[in-house]
Amino acid sequence: MKRITEQCDSFGKIRKPLSSANLGNKKSTVLEYMKQRKFVVEASTARVRDFVIDEVNEKYCILKFSDGEYEWTSNDILYVEEYNMKLDDDFISKITSKTA
């Protein structure tokens, strides 16, 4: 399974400084796809820790999702939504080509 970003690990811990998004006007389309929660692969009742500001975010539980090719976590959704985290270009193309 491919991760949608190299900027953080599968537990939401940031591996390197977040760089600007490559989403442009596709951000809402990509977030909608990610939030559809294709298949939940792992779930926890624990809340997501925002490692950028080192606080718990009550908005999200810790979940891992997959569309069969890529995997992402609720942390990834938070980082895209709040910090415009850069995602894998092929992942973005996959989503936007389906909605074009």
Side-chain angles (χ1 to χ4, degrees):
M1 201 70 62
K2 297 184 259 184
R3 289 270 304 135
I4 62 167
T5 184
E6 294 179 358
Q7 298 211 293
C8 60
D9 64 23
S10 60
F11 300 104
K13 186 89 175 181
I14 297 170
R15 283 193 253 207
K16 48 183 153 181
L18 294 179
S19 60
S20 298
N22 48 343
L23 297 171
N25 61 357
K26 302 170 188 170
K27 181 176 177 177
S28 61
T29 303
V30 171
L31 276 170
E32 182 180 327
Y33 182 88
M34 292 172 72
K35 288 179 177 182
Q36 285 176 355
R37 296 176 164 85
K38 298 297 179 184
F39 302 103
V40 177
V41 197
E42 293 177 25
S44 170
T45 56
R47 296 295 175 195
V48 165
R49 174 163 291 283
D50 182 334
F51 289 101
V52 174
I53 59 174
D54 198 28
E55 290 182 3
V56 172
N57 185 307
E58 295 296 328
K59 187 175 177 181
Y60 296 107
C61 291
I62 297 174
L63 300 170
K64 186 184 280 187
F65 309 100
S66 172
D67 64 4
E69 182 178 2
Y70 290 92
E71 68 177 23
W72 61 94
T73 66
S74 40
N75 279 81
D76 295 328
I77 294 171
L78 170 72
Y79 296 150
V80 170
E81 196 167 55
E82 299 292 325
Y83 305 108
N84 296 313
M85 178 175 69
K86 186 179 186 314
L87 300 176
D88 181 83
D89 289 325
D90 292 335
F91 177 69
I92 295 168
S93 294
K94 174 184 175 168
I95 296 167
T96 56
S97 67
K98 288 182 178 186
T99 59

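Scope of the values below: all heavy atoms of this structure, side chains included, with no hydrogens, waters or symmetry mates. When a residue number appears, it is its place in the shown sequence, counting from 1. What you are looking at is a predicted structure, and each value in this text was computed from that prediction instead of being measured.
- Nearest heavy atom pair, residue Asp88 against residue Tyr70, reads OD2-OH, 3.5 Å.
- Looking at Asp76 and Lys64, their side chains never come closer than 4.5 Å, going by heavy atoms from C-beta outward.
- When side chains are defined from C-beta on, Ile77 counts as touching Phe65, because their heavy atoms get closer than 4.5 Å.
- In this structure, the side-chain contact (heavy atoms from CB on, under 4.5 Å) partners of Glu81, at least two apart in sequence or on a different chain, are Leu31, Lys35, Lys59, Tyr60.
- With sequence neighbours excluded, no residue forms a side-chain hydrogen bond (donor to acceptor under 3.5 Å, both in side chains) with Glu55.
- A salt bridge does not link Asp90 to Lys2: none of the charged side-chain nitrogens sits closer than 4.0 Å to a carboxylate oxygen.
- Between Tyr33 and Phe91, the ring planes are perpendicular. Angles over 60° get that label, and only those under 30° would be called parallel.
- Closest approach of Val56 and Arg47 over heavy atoms only: CG1-CB, 3.4 Å.
- What you find for Asn84 and Lys27 is that their closest heavy atoms are OD1-NZ, 2.5 Å.
- Leu87 is listed as a side-chain neighbour of Met34, based on a closest heavy-atom distance under 4.5 Å.
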